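Just so it is clear, the structure is predicted and the values come from calculations on it, not from any experiment. All chains are named by letter (A, B, ...) in the order of the sequence lines, taking the proteins before the strands, and each is independently numbered beginning at 1.
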There are 2 protein chains.
Amino acid sequence: MVQPETVLPADFFLELDRSSPMPLYHQISTRLERAIRDQTLPAGARLENEVSVGQRFGFSRPTVRRAIQELVDKGLLVRRRGIGTQVVHGQVTRNVELTSLYEDLSQTGQNPTTTVVRHEIGTADETIANALGVAVGDRVLHVTRVRYADGVPLAVLDNTLPSEFADFTKDELANRGLYQLLRTRGTTMKIAKQQIGARSATMSESELLSLPRNAAVLTMKRTAFDSSGRAVEHGQHCYSPDLYTFEITLVDK
Amino acid sequence: MVQPETVLPADFFLELDRSSPMPLYHQISTRLERAIRDQTLPAGARLENEVSVGQRFGFSRPTVRRAIQELVDKGLLVRRRGIGTQVVHGQVTRNVELTSLYEDLSQTGQNPTTTVVRHEIGTADETIANALGVAVGDRVLHVTRVRYADGVPLAVLDNTLPSEFADFTKDELANRGLYQLLRTRGTTMKIAKQQIGARSATMSESELLSLPRNAAVLTMKRTAFDSSGRAVEHGQHCYSPDLYTFEITLVDK
DNA sequence: AATATCAGAATGTCCTGACAAAGTTGTTCG
DNA sequence: CGAACAACTTTGTCAGGACATTCTGATATT
(Lines give C-alpha, C1' and ligand atoms only; values in the text may rest on other atoms or scores of the structure.)
Protein backbone atom coordinates (compact mmCIF):
# COMPACT_ATOMS: atom_id res chain seq x y z
CA MET A 1 0.00 0.00 0.00
CA VAL A 2 1.82 3.05 -1.25
CA GLN A 3 1.52 6.29 0.66
CA PRO A 4 -0.14 9.03 -1.40
CA GLU A 5 2.39 11.50 -2.63
CA THR A 6 2.76 14.81 -0.90
CA VAL A 7 2.13 17.42 -3.55
CA LEU A 8 4.31 20.47 -3.11
CA PRO A 9 2.43 23.76 -2.80
CA ALA A 10 2.56 26.00 -5.87
CA ASP A 11 4.64 28.57 -3.97
CA PHE A 12 7.08 26.01 -2.59
CA PHE A 13 10.05 27.27 -4.59
CA LEU A 14 9.07 30.92 -4.51
CA GLU A 15 12.40 32.07 -3.06
CA LEU A 16 14.61 30.37 -5.62
CA ASP A 17 16.80 32.78 -7.54
CA ARG A 18 17.81 31.65 -11.00
CA SER A 19 20.35 34.47 -11.30
CA SER A 20 22.12 33.45 -8.11
CA PRO A 21 25.61 31.90 -8.37
CA MET A 22 24.24 29.10 -6.20
CA PRO A 23 23.38 26.25 -8.55
CA LEU A 24 19.70 25.67 -9.08
CA TYR A 25 19.90 22.03 -8.06
CA HIS A 26 21.46 23.07 -4.76
CA GLN A 27 18.74 25.64 -4.10
CA ILE A 28 16.08 23.02 -4.76
CA SER A 29 17.88 20.58 -2.52
CA THR A 30 18.19 23.13 0.27
CA ARG A 31 14.52 24.01 0.03
CA LEU A 32 13.48 20.38 0.21
CA GLU A 33 15.80 19.80 3.13
CA ARG A 34 14.20 22.68 4.98
CA ALA A 35 10.79 21.09 4.44
CA ILE A 36 12.08 17.81 5.82
CA ARG A 37 13.61 19.46 8.85
CA ASP A 38 10.51 21.50 9.67
CA GLN A 39 8.32 18.43 9.02
CA THR A 40 6.31 19.98 6.20
CA LEU A 41 7.61 16.80 4.61
CA PRO A 42 7.31 14.41 7.54
CA ALA A 43 9.10 11.08 8.03
CA GLY A 44 7.54 8.43 5.84
CA ALA A 45 5.99 10.93 3.40
CA ARG A 46 6.27 10.19 -0.30
CA LEU A 47 7.52 13.17 -2.27
CA GLU A 48 5.79 14.35 -5.43
CA ASN A 49 7.41 12.56 -8.36
CA GLU A 50 10.40 14.11 -10.06
CA VAL A 51 8.76 14.41 -13.49
CA SER A 52 5.87 16.35 -12.01
CA VAL A 53 8.12 18.61 -9.93
CA GLY A 54 10.07 19.43 -13.08
CA GLN A 55 6.97 20.22 -15.12
CA ARG A 56 5.10 22.16 -12.47
CA PHE A 57 8.00 24.36 -11.36
CA GLY A 58 9.92 24.70 -14.63
CA PHE A 59 13.02 22.65 -13.87
CA SER A 60 14.56 20.05 -16.12
CA ARG A 61 14.29 16.52 -14.84
CA PRO A 62 18.06 16.03 -14.44
CA THR A 63 18.16 19.16 -12.29
CA VAL A 64 15.41 17.82 -10.01
CA ARG A 65 17.08 14.42 -9.90
CA ARG A 66 20.33 15.96 -8.87
CA ALA A 67 18.70 17.93 -6.08
CA ILE A 68 16.99 14.81 -4.77
CA GLN A 69 20.22 12.82 -5.06
CA GLU A 70 21.94 15.30 -2.75
CA LEU A 71 19.39 14.50 -0.07
CA VAL A 72 19.60 10.78 -0.75
CA ASP A 73 23.36 11.03 -0.28
CA LYS A 74 22.77 12.73 3.06
CA GLY A 75 20.47 9.94 4.20
CA LEU A 76 17.35 12.13 4.33
CA LEU A 77 15.49 10.53 1.40
CA VAL A 78 15.29 7.08 -0.17
CA ARG A 79 14.20 6.28 -3.69
CA ARG A 80 12.65 3.20 -5.27
CA ARG A 81 11.66 2.54 -8.84
CA GLY A 82 7.92 2.13 -9.26
CA ILE A 83 7.23 3.65 -5.85
CA GLY A 84 8.92 7.01 -5.64
CA THR A 85 10.93 8.99 -3.16
CA GLN A 86 10.29 8.82 0.57
CA VAL A 87 11.44 10.75 3.61
CA VAL A 88 13.50 8.60 5.98
CA HIS A 89 12.17 7.91 9.47
CA GLY A 90 14.13 8.79 12.52
CA GLN A 91 15.49 12.04 13.84
CA VAL A 92 17.28 14.31 11.46
CA THR A 93 20.76 14.62 12.86
CA ARG A 94 23.81 16.65 12.16
CA ASN A 95 26.20 14.69 9.98
CA VAL A 96 29.97 14.81 10.10
CA GLU A 97 31.52 17.19 7.59
CA LEU A 98 34.95 18.08 6.39
CA THR A 99 35.50 20.89 8.83
CA SER A 100 37.83 21.50 11.70
CA LEU A 101 36.77 21.03 15.30
CA TYR A 102 36.91 24.81 15.72
CA GLU A 103 34.28 25.26 13.05
CA ASP A 104 32.16 22.41 14.38
CA LEU A 105 32.03 23.94 17.81
CA SER A 106 31.36 27.44 16.51
CA GLN A 107 28.52 26.15 14.39
CA THR A 108 26.88 24.41 17.30
CA GLY A 109 27.20 27.40 19.56
CA GLN A 110 29.88 25.91 21.82
CA ASN A 111 32.33 28.80 22.01
CA PRO A 112 35.72 27.31 21.07
CA THR A 113 38.98 28.53 22.59
CA THR A 114 42.49 27.18 22.20
CA THR A 115 45.72 26.88 24.13
CA VAL A 116 48.87 26.14 22.17
CA VAL A 117 51.07 23.88 24.28
CA ARG A 118 53.64 23.02 21.63
CA HIS A 119 54.75 24.85 18.53
CA GLU A 120 58.01 23.81 17.00
CA ILE A 121 59.76 23.26 13.73
CA GLY A 122 60.97 19.70 13.34
CA THR A 123 61.75 17.16 10.70
CA ALA A 124 59.47 14.51 9.26
CA ASP A 125 60.00 10.96 10.46
CA GLU A 126 58.83 8.06 8.34
CA THR A 127 55.22 8.08 9.56
CA ILE A 128 54.81 11.79 8.95
CA ALA A 129 56.66 11.57 5.66
CA ASN A 130 54.23 8.90 4.47
CA ALA A 131 51.17 10.77 5.69
CA LEU A 132 52.16 14.12 4.22
CA GLY A 133 53.86 12.86 1.08
CA VAL A 134 57.13 14.59 1.93
CA ALA A 135 60.63 13.19 2.30
CA VAL A 136 61.95 11.88 5.59
CA GLY A 137 63.92 14.71 7.14
CA ASP A 138 61.89 17.49 5.47
CA ARG A 139 61.03 20.49 7.57
CA VAL A 140 57.60 20.38 9.25
CA LEU A 141 55.68 22.33 11.89
CA HIS A 142 54.55 20.36 14.96
CA VAL A 143 51.70 21.91 16.91
CA THR A 144 49.86 20.62 19.96
CA ARG A 145 46.79 22.48 21.12
CA VAL A 146 44.10 22.01 23.71
CA ARG A 147 40.64 22.89 22.49
CA TYR A 148 38.02 24.10 24.96
CA ALA A 149 34.27 24.33 24.44
CA ASP A 150 32.67 26.98 26.63
CA GLY A 151 35.79 26.87 28.76
CA VAL A 152 35.79 23.10 29.29
CA PRO A 153 38.74 21.11 27.89
CA LEU A 154 37.44 18.92 25.08
CA ALA A 155 40.34 17.69 22.97
CA VAL A 156 44.08 17.51 22.57
CA LEU A 157 44.97 18.23 18.96
CA ASP A 158 48.37 17.22 17.70
CA ASN A 159 49.00 18.41 14.12
CA THR A 160 51.85 18.34 11.70
CA LEU A 161 51.99 20.72 8.75
CA PRO A 162 54.29 20.72 5.73
CA SER A 163 56.94 23.39 5.39
CA GLU A 164 54.85 25.72 3.28
CA PHE A 165 52.74 26.36 6.39
CA ALA A 166 55.59 26.33 8.87
CA ASP A 167 55.25 30.06 9.40
CA PHE A 168 51.86 29.88 11.13
CA THR A 169 52.48 31.60 14.47
CA LYS A 170 51.53 30.46 17.93
CA ASP A 171 49.21 33.45 18.13
CA GLU A 172 47.44 32.67 14.90
CA LEU A 173 46.89 29.08 16.00
CA ALA A 174 45.55 30.18 19.36
CA ASN A 175 43.02 32.52 17.84
CA ARG A 176 41.79 30.84 14.69
CA GLY A 177 40.86 27.35 13.62
CA LEU A 178 43.54 25.53 11.63
CA TYR A 179 41.36 25.15 8.56
CA GLN A 180 40.55 28.83 8.69
CA LEU A 181 44.26 29.57 8.56
CA LEU A 182 44.84 27.17 5.70
CA ARG A 183 42.02 28.80 3.77
CA THR A 184 43.64 32.23 4.13
CA ARG A 185 46.55 30.73 2.20
CA GLY A 186 44.23 29.73 -0.63
CA THR A 187 44.25 26.09 0.39
CA THR A 188 40.96 24.27 -0.12
CA MET A 189 40.47 21.11 1.87
CA LYS A 190 38.72 18.54 -0.27
CA ILE A 191 39.25 15.16 1.33
CA ALA A 192 40.03 13.88 4.79
CA LYS A 193 40.98 10.32 5.56
CA GLN A 194 40.22 9.49 9.15
CA GLN A 195 40.76 6.60 11.48
CA ILE A 196 38.68 6.63 14.65
CA GLY A 197 39.58 4.55 17.66
CA ALA A 198 39.87 4.48 21.42
CA ARG A 199 42.58 3.93 24.01
CA SER A 200 43.53 4.96 27.51
CA ALA A 201 44.69 8.52 28.02
CA THR A 202 48.38 9.24 28.55
CA MET A 203 49.43 11.07 31.70
CA SER A 204 49.72 14.30 29.78
CA GLU A 205 46.32 13.91 28.14
CA SER A 206 44.65 13.15 31.48
CA GLU A 207 46.00 16.39 32.86
CA LEU A 208 45.21 18.50 29.83
CA LEU A 209 41.65 17.16 29.63
CA SER A 210 41.03 16.95 33.39
CA LEU A 211 40.32 13.25 33.15
CA PRO A 212 41.09 10.47 35.63
CA ARG A 213 44.36 8.56 35.15
CA ASN A 214 44.07 6.02 32.30
CA ALA A 215 40.58 7.16 31.40
CA ALA A 216 39.18 6.08 28.03
CA VAL A 217 39.64 8.64 25.26
CA LEU A 218 38.21 8.74 21.76
CA THR A 219 40.92 9.20 19.12
CA MET A 220 41.15 10.23 15.53
CA LYS A 221 44.03 10.23 13.12
CA ARG A 222 43.40 12.40 10.09
CA THR A 223 45.15 13.37 6.89
CA ALA A 224 43.56 16.15 4.87
CA PHE A 225 44.13 16.70 1.13
CA ASP A 226 43.71 19.83 -0.97
CA SER A 227 42.11 20.39 -4.38
CA SER A 228 45.24 19.09 -6.13
CA GLY A 229 45.03 15.92 -4.12
CA ARG A 230 48.11 16.78 -2.03
CA ALA A 231 48.27 16.24 1.72
CA VAL A 232 48.17 19.49 3.69
CA GLU A 233 47.80 18.36 7.28
CA HIS A 234 48.22 15.33 9.46
CA GLY A 235 46.67 15.17 12.88
CA GLN A 236 46.35 12.87 15.85
CA HIS A 237 43.51 14.01 18.04
CA CYS A 238 42.20 12.79 21.36
CA TYR A 239 38.78 13.71 22.72
CA SER A 240 37.08 13.61 26.05
CA PRO A 241 34.45 10.92 25.37
CA ASP A 242 31.85 12.34 27.71
CA LEU A 243 31.84 15.50 25.67
CA TYR A 244 32.38 14.39 22.11
CA THR A 245 31.25 11.70 19.69
CA PHE A 246 31.30 11.34 15.92
CA GLU A 247 27.99 11.19 14.15
CA ILE A 248 28.14 9.60 10.76
CA THR A 249 25.42 8.72 8.29
CA LEU A 250 26.23 5.97 5.85
CA VAL A 251 24.25 5.63 2.67
CA ASP A 252 24.29 2.57 0.46
CA LYS A 253 25.23 3.30 -3.14
CA MET B 1 52.51 24.22 -13.79
CA VAL B 2 49.99 21.63 -14.73
CA GLN B 3 50.94 17.98 -14.90
CA PRO B 4 50.55 16.56 -18.41
CA GLU B 5 47.43 14.48 -18.65
CA THR B 6 47.74 10.72 -18.59
CA VAL B 7 46.18 9.52 -21.81
CA LEU B 8 44.31 6.27 -21.38
CA PRO B 9 45.44 3.45 -23.67
CA ALA B 10 43.11 2.62 -26.55
CA ASP B 11 42.29 -0.76 -25.01
CA PHE B 12 41.65 0.67 -21.54
CA PHE B 13 37.94 -0.11 -21.54
CA LEU B 14 38.20 -3.29 -23.56
CA GLU B 15 36.36 -5.40 -20.99
CA LEU B 16 33.33 -3.15 -20.67
CA ASP B 17 30.10 -4.89 -21.59
CA ARG B 18 27.32 -2.64 -22.83
CA SER B 19 24.79 -5.46 -22.58
CA SER B 20 25.57 -6.07 -18.93
CA PRO B 21 22.95 -5.11 -16.31
CA MET B 22 25.75 -3.25 -14.58
CA PRO B 23 25.38 0.43 -15.54
CA LEU B 24 27.98 1.72 -17.95
CA TYR B 25 29.01 4.57 -15.67
CA HIS B 26 29.68 2.06 -12.90
CA GLN B 27 31.79 -0.12 -15.18
CA ILE B 28 33.83 2.89 -16.22
CA SER B 29 34.21 3.93 -12.61
CA THR B 30 35.31 0.46 -11.56
CA ARG B 31 37.85 0.29 -14.35
CA LEU B 32 39.31 3.67 -13.43
CA GLU B 33 39.42 2.67 -9.77
CA ARG B 34 41.36 -0.44 -10.67
CA ALA B 35 43.90 1.70 -12.53
CA ILE B 36 44.26 3.94 -9.49
CA ARG B 37 44.69 0.98 -7.13
CA ASP B 38 47.27 -0.72 -9.34
CA GLN B 39 49.02 2.63 -9.91
CA THR B 40 48.59 2.66 -13.67
CA LEU B 41 47.11 6.00 -12.65
CA PRO B 42 49.50 7.00 -9.90
CA ALA B 43 48.93 9.55 -7.13
CA GLY B 44 49.17 13.06 -8.52
CA ALA B 45 48.48 12.00 -12.11
CA ARG B 46 46.11 14.11 -14.15
CA LEU B 47 43.47 12.06 -15.90
CA GLU B 48 42.66 12.52 -19.57
CA ASN B 49 39.88 15.08 -19.82
CA GLU B 50 36.29 13.90 -19.74
CA VAL B 51 35.36 15.28 -23.18
CA SER B 52 38.23 13.36 -24.76
CA VAL B 53 37.46 10.14 -22.88
CA GLY B 54 33.88 10.35 -24.07
CA GLN B 55 34.86 10.94 -27.70
CA ARG B 56 37.64 8.38 -27.87
CA PHE B 57 35.78 5.54 -26.20
CA GLY B 58 32.23 6.26 -27.34
CA PHE B 59 30.61 7.35 -24.07
CA SER B 60 28.45 10.39 -23.57
CA ARG B 61 29.96 13.11 -21.46
CA PRO B 62 27.44 12.82 -18.58
CA THR B 63 28.20 9.12 -18.40
CA VAL B 64 31.92 9.80 -18.07
CA ARG B 65 31.22 12.58 -15.59
CA ARG B 66 29.12 10.30 -13.50
CA ALA B 67 31.81 7.64 -13.43
CA ILE B 68 34.40 10.17 -12.35
CA GLN B 69 32.04 11.62 -9.76
CA GLU B 70 31.75 8.21 -8.11
CA LEU B 71 35.50 8.22 -7.57
CA VAL B 72 35.49 11.83 -6.40
CA ASP B 73 32.84 10.85 -3.85
CA LYS B 74 35.10 8.06 -2.66
CA GLY B 75 37.99 10.45 -2.20
CA LEU B 76 40.14 8.90 -4.92
CA LEU B 77 40.01 11.79 -7.42
CA VAL B 78 39.72 15.58 -7.21
CA ARG B 79 38.52 17.90 -9.97
CA ARG B 80 39.17 21.52 -10.77
CA ARG B 81 37.82 23.65 -13.55
CA GLY B 82 40.51 24.74 -16.01
CA ILE B 83 42.93 22.11 -14.69
CA GLY B 84 41.26 18.76 -14.82
CA THR B 85 40.93 15.67 -12.70
CA GLN B 86 43.77 14.42 -10.49
CA VAL B 87 44.46 11.30 -8.50
CA VAL B 88 44.67 11.96 -4.78
CA HIS B 89 47.96 11.39 -2.97
CA GLY B 90 48.20 9.09 -0.04
CA GLN B 91 47.50 5.43 0.39
CA VAL B 92 44.34 4.05 -1.06
CA THR B 93 42.49 2.73 1.93
CA ARG B 94 39.39 0.75 2.55
CA ASN B 95 36.49 3.04 3.35
CA VAL B 96 33.66 2.32 5.72
CA GLU B 97 30.54 0.93 4.04
CA LEU B 98 27.03 0.11 5.02
CA THR B 99 27.70 -3.48 5.91
CA SER B 100 27.59 -5.53 9.05
CA LEU B 101 30.69 -6.37 11.03
CA TYR B 102 30.31 -9.98 9.91
CA GLU B 103 30.63 -8.96 6.27
CA ASP B 104 33.50 -6.56 7.02
CA LEU B 105 35.49 -9.31 8.65
CA SER B 106 34.69 -11.86 5.96
CA GLN B 107 35.77 -9.42 3.29
CA THR B 108 39.11 -8.76 4.94
CA GLY B 109 39.78 -12.43 5.46
CA GLN B 110 39.33 -12.37 9.24
CA ASN B 111 37.16 -15.43 9.72
CA PRO B 112 34.16 -14.21 11.78
CA THR B 113 32.42 -16.41 14.34
CA THR B 114 29.65 -15.56 16.78
CA THR B 115 28.41 -16.54 20.21
CA VAL B 116 24.86 -15.56 21.14
CA VAL B 117 24.80 -14.68 24.83
CA ARG B 118 21.30 -13.24 24.97
CA HIS B 119 18.25 -13.83 22.82
CA GLU B 120 14.94 -12.76 24.24
CA ILE B 121 11.65 -11.22 23.32
CA GLY B 122 10.97 -8.02 25.19
CA THR B 123 9.11 -4.77 24.91
CA ALA B 124 10.35 -1.47 23.61
CA ASP B 125 11.21 1.18 26.17
CA GLU B 126 11.23 4.82 25.15
CA THR B 127 14.78 4.85 23.74
CA ILE B 128 14.17 1.79 21.59
CA ALA B 129 10.75 3.04 20.57
CA ASN B 130 12.28 6.29 19.35
CA ALA B 131 15.12 4.56 17.54
CA LEU B 132 12.94 1.96 15.82
CA GLY B 133 9.88 4.09 15.24
CA VAL B 134 7.63 1.72 17.15
CA ALA B 135 5.35 2.31 20.12
CA VAL B 136 6.56 2.01 23.69
CA GLY B 137 5.57 -1.49 24.83
CA ASP B 138 5.71 -3.01 21.36
CA ARG B 139 7.25 -6.44 21.04
CA VAL B 140 10.96 -6.50 20.09
CA LEU B 141 13.79 -9.02 19.91
CA HIS B 142 16.86 -8.30 22.07
CA VAL B 143 20.04 -10.04 21.02
CA THR B 144 23.54 -9.83 22.46
CA ARG B 145 26.36 -11.53 20.59
CA VAL B 146 30.11 -11.72 20.87
CA ARG B 147 31.88 -11.50 17.55
CA TYR B 148 35.25 -13.19 17.11
CA ALA B 149 37.80 -12.65 14.34
CA ASP B 150 40.00 -15.69 13.78
CA GLY B 151 38.92 -16.89 17.20
CA VAL B 152 39.81 -13.69 19.06
CA PRO B 153 36.96 -11.76 20.73
CA LEU B 154 36.54 -8.48 18.89
CA ALA B 155 33.16 -6.95 19.74
CA VAL B 156 30.06 -7.20 21.90
CA LEU B 157 27.03 -6.52 19.71
CA ASP B 158 23.77 -5.64 21.35
CA ASN B 159 20.92 -5.37 18.85
CA THR B 160 17.21 -4.79 19.00
CA LEU B 161 14.94 -5.77 16.15
CA PRO B 162 11.27 -4.92 15.52
CA SER B 163 8.62 -7.61 15.87
CA GLU B 164 8.60 -8.56 12.21
CA PHE B 165 12.07 -10.05 12.77
CA ALA B 166 11.40 -11.44 16.22
CA ASP B 167 11.44 -14.99 14.87
CA PHE B 168 15.17 -15.01 14.02
CA THR B 169 16.50 -17.97 15.98
CA LYS B 170 19.55 -18.18 18.19
CA ASP B 171 21.02 -20.64 15.69
CA GLU B 172 20.49 -18.35 12.72
CA LEU B 173 22.13 -15.46 14.57
CA ALA B 174 25.08 -17.61 15.57
CA ASN B 175 25.76 -18.73 12.04
CA ARG B 176 25.01 -15.78 9.82
CA GLY B 177 25.56 -12.06 9.91
CA LEU B 178 22.55 -10.03 10.96
CA TYR B 179 22.39 -8.13 7.69
CA GLN B 180 22.57 -11.40 5.79
CA LEU B 181 19.51 -12.57 7.71
CA LEU B 182 17.63 -9.34 7.09
CA ARG B 183 18.37 -9.63 3.38
CA THR B 184 16.84 -13.13 3.25
CA ARG B 185 13.62 -11.43 4.35
CA GLY B 186 13.82 -9.05 1.40
CA THR B 187 14.95 -6.17 3.54
CA THR B 188 17.45 -3.83 1.89
CA MET B 189 19.54 -1.70 4.20
CA LYS B 190 19.91 1.75 2.70
CA ILE B 191 20.98 4.11 5.47
CA ALA B 192 22.72 3.78 8.80
CA LYS B 193 22.96 6.53 11.33
CA GLN B 194 25.91 5.99 13.62
CA GLN B 195 27.36 7.60 16.68
CA ILE B 196 30.92 6.63 17.51
CA GLY B 197 32.39 7.17 20.94
CA ALA B 198 34.51 5.69 23.69
CA ARG B 199 34.11 4.76 27.35
CA SER B 200 35.41 2.30 29.89
CA ALA B 201 34.31 -1.29 29.54
CA THR B 202 31.67 -2.71 31.88
CA MET B 203 32.56 -5.77 33.93
CA SER B 204 30.67 -7.98 31.53
CA GLU B 205 32.33 -6.47 28.47
CA SER B 206 35.81 -6.86 29.98
CA GLU B 207 35.13 -10.52 30.47
CA LEU B 208 33.56 -11.14 27.09
CA LEU B 209 36.37 -9.30 25.27
CA SER B 210 39.22 -10.52 27.52
CA LEU B 211 40.17 -6.96 28.38
CA PRO B 212 41.52 -5.55 31.67
CA ARG B 213 39.01 -4.09 34.11
CA ASN B 214 37.82 -0.63 33.01
CA ALA B 215 39.78 -0.80 29.78
CA ALA B 216 38.93 1.73 27.10
CA VAL B 217 36.46 0.45 24.48
CA LEU B 218 35.38 1.95 21.20
CA THR B 219 31.59 2.17 20.91
CA MET B 220 29.06 2.63 18.21
CA LYS B 221 25.32 3.17 18.35
CA ARG B 222 23.62 2.49 15.06
CA THR B 223 20.14 2.63 13.59
CA ALA B 224 19.72 1.14 10.13
CA PHE B 225 16.88 2.05 7.73
CA ASP B 226 15.46 0.12 4.80
CA SER B 227 14.48 1.22 1.29
CA SER B 228 11.18 2.62 2.56
CA GLY B 229 13.05 4.72 5.04
CA ARG B 230 11.84 2.65 8.02
CA ALA B 231 14.11 1.63 10.88
CA VAL B 232 14.92 -2.09 10.85
CA GLU B 233 17.59 -2.46 13.51
CA HIS B 234 19.06 -0.63 16.45
CA GLY B 235 22.43 -1.60 17.85
CA GLN B 236 24.82 -0.67 20.60
CA HIS B 237 28.22 -2.13 19.87
CA CYS B 238 31.45 -2.15 21.80
CA TYR B 239 34.78 -3.01 20.21
CA SER B 240 38.18 -4.00 21.46
CA PRO B 241 40.18 -0.90 20.42
CA ASP B 242 43.44 -2.74 19.84
CA LEU B 243 41.70 -4.80 17.19
CA TYR B 244 39.26 -2.46 15.55
CA THR B 245 39.03 1.12 14.31
CA PHE B 246 36.71 2.94 11.93
CA GLU B 247 38.21 4.26 8.72
CA ILE B 248 36.22 7.04 7.15
CA THR B 249 36.91 9.18 4.14
CA LEU B 250 35.18 12.55 4.08
CA VAL B 251 34.77 14.41 0.84
CA ASP B 252 33.85 18.08 0.59
CA LYS B 253 30.80 18.69 -1.58
C1' DA C 1 -11.55 -16.76 -3.83
C1' DA C 2 -6.90 -17.26 -5.49
C1' DT C 3 -3.60 -16.71 -9.07
C1' DA C 4 -1.73 -14.83 -13.25
C1' DT C 5 -1.28 -11.15 -16.44
C1' DC C 6 -1.25 -6.56 -18.00
C1' DA C 7 -1.15 -1.56 -17.77
C1' DG C 8 0.29 2.41 -15.58
C1' DA C 9 3.45 4.86 -12.50
C1' DA C 10 7.94 6.22 -11.04
C1' DT C 11 12.75 5.93 -10.89
C1' DG C 12 17.22 4.58 -13.50
C1' DT C 13 20.28 5.01 -17.49
C1' DC C 14 22.16 7.13 -21.45
C1' DC C 15 22.40 10.44 -25.09
C1' DT C 16 22.89 15.24 -27.46
C1' DG C 17 23.46 20.05 -27.09
C1' DA C 18 24.56 24.60 -25.26
C1' DC C 19 26.46 27.93 -22.29
C1' DA C 20 29.09 29.46 -17.92
C1' DA C 21 33.00 29.67 -14.77
C1' DA C 22 37.69 29.00 -13.28
C1' DG C 23 42.41 28.16 -14.37
C1' DT C 24 46.56 28.21 -17.51
C1' DT C 25 49.18 29.71 -21.31
C1' DG C 26 50.46 32.77 -24.88
C1' DT C 27 50.81 37.38 -26.75
C1' DT C 28 51.29 42.24 -26.56
C1' DC C 29 52.60 46.50 -24.52
C1' DG C 30 55.08 49.63 -21.50
C1' DC D 1 61.34 41.94 -17.84
C1' DG D 2 56.88 42.37 -15.74
C1' DA D 3 52.03 43.30 -16.12
C1' DA D 4 47.77 43.10 -18.52
C1' DC D 5 44.83 41.03 -21.65
C1' DA D 6 43.08 37.51 -24.75
C1' DA D 7 42.60 32.87 -26.10
C1' DC D 8 42.37 28.28 -24.95
C1' DT D 9 41.38 24.36 -21.82
C1' DT D 10 38.68 21.90 -18.65
C1' DT D 11 35.15 21.24 -15.53
C1' DG D 12 30.28 22.77 -13.98
C1' DT D 13 25.41 23.53 -14.92
C1' DC D 14 21.16 22.98 -17.24
C1' DA D 15 18.00 21.52 -20.71
C1' DG D 16 15.48 18.10 -23.52
C1' DG D 17 14.69 13.47 -25.30
C1' DA D 18 14.30 8.46 -25.34
C1' DC D 19 14.23 3.98 -23.54
C1' DA D 20 14.73 0.41 -19.59
C1' DT D 21 13.58 -1.52 -15.13
C1' DT D 22 10.94 -2.24 -11.05
C1' DC D 23 6.83 -1.88 -8.44
C1' DT D 24 1.75 -1.59 -7.60
C1' DG D 25 -2.95 -2.00 -8.62
C1' DA D 26 -6.48 -3.45 -11.70
C1' DT D 27 -8.37 -6.91 -14.50
C1' DA D 28 -8.90 -11.48 -16.37
C1' DT D 29 -8.82 -16.37 -15.76
C1' DT D 30 -9.31 -20.66 -13.31
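- Distances shorter than 4.0 Å separate some side-chain N or O of T63(A) from OP1 or OP2 on dA15(D).
- Summarising the geometry, the separation between NZ on K190(A) and C1' on dA22(C) is reported as 12 Å, rounded to the nearest angstrom.
- Two residues, E50(B) and G82(A), neighbour DNA chain D, and the one matched to the more 5' nucleotide by heavy-atom proximity is E50(B).
- Rounded to a whole Å, the CG atom of L24(A) is 15 Å from the C1' atom of dC19(C).
- What separates CD of E5(A) from C1' of dT24(D) is a distance of 14 Å, to the nearest Å.
- For dT13(D), one of the phosphate oxygens OP1 or OP2 lies less than 4.0 angstrom from a side-chain nitrogen or oxygen of Y25(A).
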From CA spacing to verdict: side chain to side chain donor-acceptor pair (under 3.5 Å), D104(A), T99(A):
CA-CA 7 Å; D104(A) 281 350; T99(A) 60; 2.5 Å; yes
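- Residue side chain R66(B) does not reach the base of dG12(C) through any donor-acceptor N/O pair under 3.5 Å, judged by distance alone.
- One finds the OH atom of Y102(A) at 12.0 Å from the CG atom of L178(A) (value rounded to the nearest 0.5 Å).
- A salt bridge is defined here as a Lys NZ or Arg NE, NH1 or NH2 lying under 4.0 Å from an Asp or Glu carboxylate O, and E15(B) with R31(B) fails to meet this definition.
- OP1 or OP2 of dG12(D) sits under 4.0 Å from a side-chain N or O of R79(B).
- For R18(B), a side-chain nitrogen or oxygen approaches OP1 or OP2 of dC15(C) to under 4.0 Å.
- For the pair R81(A) and dA9(C), the criterion of a side-chain N or O lying under 4.0 Å from OP1 or OP2 is not met.
- As rounded to whole Å, 14 Å separates atom P of dT10(D) from atom CD of Q3(B).
- Salt bridge annotation for K74(A)-E70(A): absent, with no cationic side-chain nitrogen under 4.0 angstrom from a carboxylate oxygen.
- Atom C1' of nucleotide dT24(D) and atom CD of Q86(A) are separated by 13 Å, given to the nearest angstrom.
- The interatomic distance linking R80(A) (CZ) with dT24(D) (C1') rounds to 11 Å, in whole Å.
- Contact annotation: T85(B) side-chain N/O to dT10(D) OP1/OP2 distance is not under 4.0 Å.
- With hydrogens and angles ignored, a donor-acceptor pair under 3.5 angstrom links the side chain of R61(B) to the base of dG12(D).
- Considering only the side chain of P23(B), dT13(C) comes nearest among dC15(C), dT13(C), dT13(D).
- Inspection of the N159(A) and R145(A) side chains reveals an N or O donor paired with an N or O acceptor under 3.5 Å.
- If you take CE of M22(A) and P of dG12(D), they are 16 Å apart, rounded to a whole angstrom.
- When distances are taken from the side chain of R46(A) to each of dT13(C), dC14(D), dA10(C), the shortest belongs to dA10(C).
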